Amino acid sequence: MEITGLFGSLVFDDKTMAERLPDWAYQQFKQCCDNGTSLSLETANVIANAMKNWALEKGVTHFTHWFQPMTGITAEKHESFVSRGTKGLELEFDGKNLIKGEPDASSFPSGGLRATFEARGYTAWDPTSPAFIKDGVLCIPTAFCSYNGDALDKKTPLLRSMQALEKQAVRLLRLLGRDTKHVSASVGAEQEYFLIDSKMYHQRKDLMYCGRTLFGCKPPKGQQLDDHYFGPIKPKVVAFMKELDEELWKLGVFAKTKHNEVAPAQHELAPIFDTVNVASDQNQLIMELMKKIASRHGMTCLLHEKPFNGVNGSGKHNNFSLVADNKYNLFDPGKNPQDSAQFLLILSAMIAAVDKHQDLLRISSASASNDHRLGANEAPPAIVSMFIGEELTGILQAVAEDRSYSKRAKCSVEVGVSVLPTFPMDSTDRNRTSPMAFTNNKFEFRMLGSSFSIAATNIVLNTALAEEFDIISGKLEQSTDQTATIKQIIKETMRDHSKIIFNGNNYSDEWVEEAKRRGLLNLPSTMDCLPLYASDKNIALFTKHKVFTERELHSRQEILIENYVKTLNIEASTMVQMVSRDILPAVTSYLGELSDTVLHLDKCHITNNSLLDTANLLSQLLDMAHQRNDKLQQLIDAASKLGEDLNAGLFYRDNVVPAMQELREVCDKLESITAARCWPFPTYGDLLFSV
């Protein structure tokens with residue numbers, strides 16, 4: 001089938017609804033999406049019937065409310081259309097089934113929002129994200145909340161933040177003379193991932209249990225030659241990518257770009273931008289399909305942020321822009337005076353938002369897995385800063401200092417009167433080291449890990465911008481001279497928040513010192529930033545814009561800490577088991593062979609100092625591995641008595657993680673001098689070059 005016929009064939013999208021619904025029902029549905037009004041039960045019944053008939057024509061027998069609990073992945077409970085009628089079997093799916101579901105909520109993370117015995121939870125249809133067919137099941141994107149109305153998912157606060165952003169952005173644009181009705185964040189999430197041979201994957205407990213290798217020597221060849229980046233794609237991977245594209249196109253995902261990434265066995269997929277809640281849903285589908293399709297090709301897809309030590313890890317670049325009335329990008333400088341003033345004002349709002357909420361952006365990318373990646377050469381450091389380029393920085397400084405700006409040509413930057421200097425799409429080189437870089441007409445947030453939902457980051461961006469737009473609108477509403485007020489806002493932004501702008505190399509040691517001098521936050525580990533989550537500042541921000549209640553914010557802090565503790569507990573326990581049951585027996589056996597050989601040679605009056613040195617070194621390292629493994633087990637036992645709260649998280653960070661690293665170091669040395677035939681699982685060389 002051609003792409004045009006394939007694309008969206010499994011989606012009950014706007015075009016399908018327009019074709020299958022009566023005009024009155026379709027118009028009411030559109031009003032519901034555009035204005036946030038409620039659907040009548042009559043309209044819901046009509047939509048549900050059309051959706052059911054469409055699904056039945058495609059061989060579907062079941063439906064599910066597809067939601068995104070705080071596990072970081074999606075959840076679904078399948079219900080058949082089958083019902084008992086007066087004449088026997090009937091196929092039923094009405095408006096009530098469409099709009100509301102009731103899954104058991106007791107087994108999902110709630111962060112103390114509900115007691116274990118309180119099982120009732122509800123899913124509610126998100127009509128702005130279209131239903132689709134996956135694995136032969138009709139999937140209805142929904143929000144998920146408790147019996148008391150507390151958000152138990154990632155979608156509900158995302159939708160709330162979208163509403164807050166739109167309210168304040170429309171208010172601001174109307175003050176600037178724009179007849180604007182809708183503003184939404186548009187996001188494109190670049191997804192990085194690894195593909196390895198499935199047989200080798202199943203021979204490593206660390207990959208199966210933890211998603212990353214806990215042991216492993218660097219192979220002689222890694223990414224030193226940069227020959228994998230954008231290199232020819234291997235046939236097996238091409239076949240995987242082709243099937244992935246086709247399955248995503250069926251689901252209406254605009255899969256656009258695919259290529260080899262820097263590390264061996266690493267790749268990337270990038271879709272075209274979409275509205276943020278749809279983009280979030282689709283990114284979850286992308287990750288799920290990557291894993292599923294890889295297995296059909298004899299491969300395993302790894303989405304861990306750092307599956308292999310010594311080579312690049314995987315991130316997820318969140319490309320963020322603002323679109324008004326589906327027509328124009330608010331981060332586009334434009335070519336007339338009104339656009340210039342608007343652009344500089346919105347750019348100023350973004351600068352202030354990022355500076356004020358460095359902590360929240362860092363938290364949105366925090367996890368035990370991403371701690372391994374941030375600060376390495378493939379990811380920005382754990383210091384939030386912004387890159388806007390020398391030209392935009394110069395323009396803002398010129399406005400702030402009441403002077404002309406000249407670079408390509410002399411140009412007076414008189415906000416609201418003169419036009420910004422016309423610069424091409426790429427007014428500056430792209431800074432790949434920056435956590436938040438302005439690229440053409442969007443901001444690229446590069447700190448997210450590859451396994452993350454993009455919801456948390458975009459909740460922060462939406463809400464922080466809503467707050468800045470609210471502040472700016474308040475000033476403009478009190479102003480008698482709009483041009484002078486806009487200039488004053490830009491001046492205040494550069495005075496109070498320009499410290500967040502850094503156009504240099506974020507990888508350098510000098511930047512760490514410079515960031516400290518500027519007073520920027522440096523939060524290298526997850527446990528450095530999570531205590532800041534439910535601060536008074538953040539509670540005030542989210543409750544003001546009705547994105548989180550204080551209870552919901554505390555619950556998410558608790559869940560993130562629990563996840564950190566659980567992740568490290570699994571990793572540390574896996575290390576102990578692999579050392580005890582695999583590495584120590586294998587090395588002991590090999591040492592026995594060497595010792596027997598040395599004794600045999602000695603009887604023959606032959607001296608082999610090299611062999612004897614190797615045996616002695618193995619013996620010493622083996623004793624050290626025993627000791628460090630025992631120490632790690634003792635620390636795990638001690639940590640288990642602390643529970644899964646903040647103190648436990650700090651204990652894991654300060655004690656367990658260093659002990660894990662010490663154990664790994666000695667085991668990796670053992671691997672380097674143990675015969676390959678004796679090593680108990682595939683090595684890095686095997687894994688990275690097996691596909």
Side-chain angles (χ1 to χ4, degrees), residues 3 6-14 16 51 54-55 58 60 62-78 123 125-144 153-156 158-159 186-193 195 240-258 267-297 299-303 314 316-319 448-458:
I3 294 179
L6 195 69
F7 190 84
S9 58
L10 296 181
V11 185
F12 195 69
D13 55 15
D14 189 73
T16 304
M51 193 181 290
W54 169 79
K58 296 183 178 294
V60 172
H62 288 68
F63 70 93
T64 183
H65 276 196
W66 185 79
F67 58 102
Q68 300 174 35
M70 296 300 294
T71 55
I73 57 177
T74 59
E76 51 197 65
K77 180 180 75 169
H78 300 175
T123 50
W125 179 34
D126 171 15
T128 62
S129 186
F132 55 90
I133 296 171
K134 177 175 69 74
D135 300 327
V137 176
L138 174 64
C139 297
I140 304 158
T142 57
F144 179 46
D153 66 341
K154 295 177 180 291
K155 168 161 282 202
T156 300
L158 179 60
L159 294 173
S186 181
V187 172
E190 303 170 44
Q191 180 69 54
E192 296 176 345
Y193 61 99
L195 292 174
F240 157 81
M241 289 180 168
K242 181 177 185 296
E243 184 177 354
L244 178 62
D245 277 341
E246 291 174 352
E247 292 302 313
L248 289 173
W249 290 336
K250 290 177 187 177
L251 292 169
V253 180
F254 286 87
K256 178 71 173 176
T257 305
K258 55 187 180 183
H267 313 279
E268 181 179 293
L269 179 145
I272 296 175
F273 285 56
D274 214 325
T275 306
V276 62
N277 67 314
V278 175
S280 181
D281 287 353
Q282 291 184 346
N283 185 252
Q284 292 290 339
L285 287 172
I286 288 170
M287 291 190 288
E288 180 181 338
L289 284 172
M290 280 179 170
K291 292 182 177 182
K292 190 176 299 181
I293 293 171
S295 68
R296 296 205 285 259
H297 291 262
M299 297 182 291
T300 296
C301 175
L302 301 178
L303 293 174
S314 294
K316 181 178 299 181
H317 302 165
N318 189 86
N319 295 282
L448 269 182
S450 62
S451 65
F452 281 54
S453 162
I454 66 172
T457 288
N458 290 292

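Nothing here was measured: the structure is a model prediction, and the numbers come from that model. Computation of the quantities below employed the complete heavy-atom set of this structure, encompassing side-chain atoms and omitting hydrogens, waters and symmetry-equivalent molecules.
- For D126, the salt bridge (Lys or Arg N to Asp or Glu O under 4.0 Å) partners at least two apart in sequence or on another chain are K155.
- Of the charged side-chain nitrogens involved, at least one lies within less than 4.0 Å of a carboxylate oxygen, so that E76 and K134 count as a salt-bridged pair.
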- Message: side-chain contact (heavy atoms from CB on, under 4.5 Å) for L10 and F132? Distances and angles first, verdict last.
- Response: CA-CA 6 Å; L10 296 181; F132 55 90; 5.5 Å; no

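- Side-chain contact check for E268 versus T257: every heavy-atom pair is 4.5 Å or farther apart.
- Here the closest heavy-atom approach between residue N277 and residue L158 is recorded as CA-CD2, 3.8 Å.
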- Message: Run the side-chain contact (heavy atoms from CB on, under 4.5 Å) test on T128 and T275 for me, step by step, so that the C-alpha distance in whole Å, both residues' side-chain angles and the decisive distance to 0.1 Å come before the verdict.
- Response: CA-CA 9 Å; T128 62; T275 306; over 6 Å; no

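- The shortest side-chain heavy-atom distance between E247 and L285 does not fall under the 4.5 Å cut-off.
- Annotation: side chain of L195 is not in contact with side chain of H297 (no heavy-atom distance under 4.5 Å).
- For A131 against L138, the heavy-atom pair with the smallest separation is CB-CD1, 4.2 Å.
- Taking each heavy atom of A189 and I454 in turn, the nearest pair found is CB-CG2, 4.0 Å.
- Counting all heavy atoms, side chain and backbone alike, L248 lies closest to A255 at CD1-CB, 4.0 Å.
- Remark: K258 pairs with D245 by the side chain to side chain donor-acceptor pair (under 3.5 Å) rule, at least two apart or across chains.
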- Query: Where do Q284 and W66 land on the side-chain contact (heavy atoms from CB on, under 4.5 Å) test, with the steps shown first?
  - Reply: CA-CA 11 Å; Q284 292 290 339; W66 185 79; 4.1 Å; yes

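- Between the side chain of S450 and the backbone N or O of Y193 there is no donor-acceptor pair closer than 3.5 Å.
- Remark: E246 pairs with K242 by the salt bridge (Lys or Arg N to Asp or Glu O under 4.0 Å) rule, at least two apart or across chains.
- F144 and D153 get closest at one heavy-atom pair: N-OD2, 2.9 Å.
- K316 has its side chain within reach of M287: a pair of non-hydrogen atoms, C-beta onward, lies under 4.5 Å apart.
- Put simply, OG1 on T156 and CD on Q68 are 9.5 Å apart, with the number rounded to the nearest 0.5 Å.
- D281 and S129 form a side-chain donor-acceptor contact under 3.5 Å, judged by distance and modelled atom types alone.
- S280 and N283 form no side-chain donor-acceptor contact under 3.5 Å, judged by distance and modelled atom types alone.
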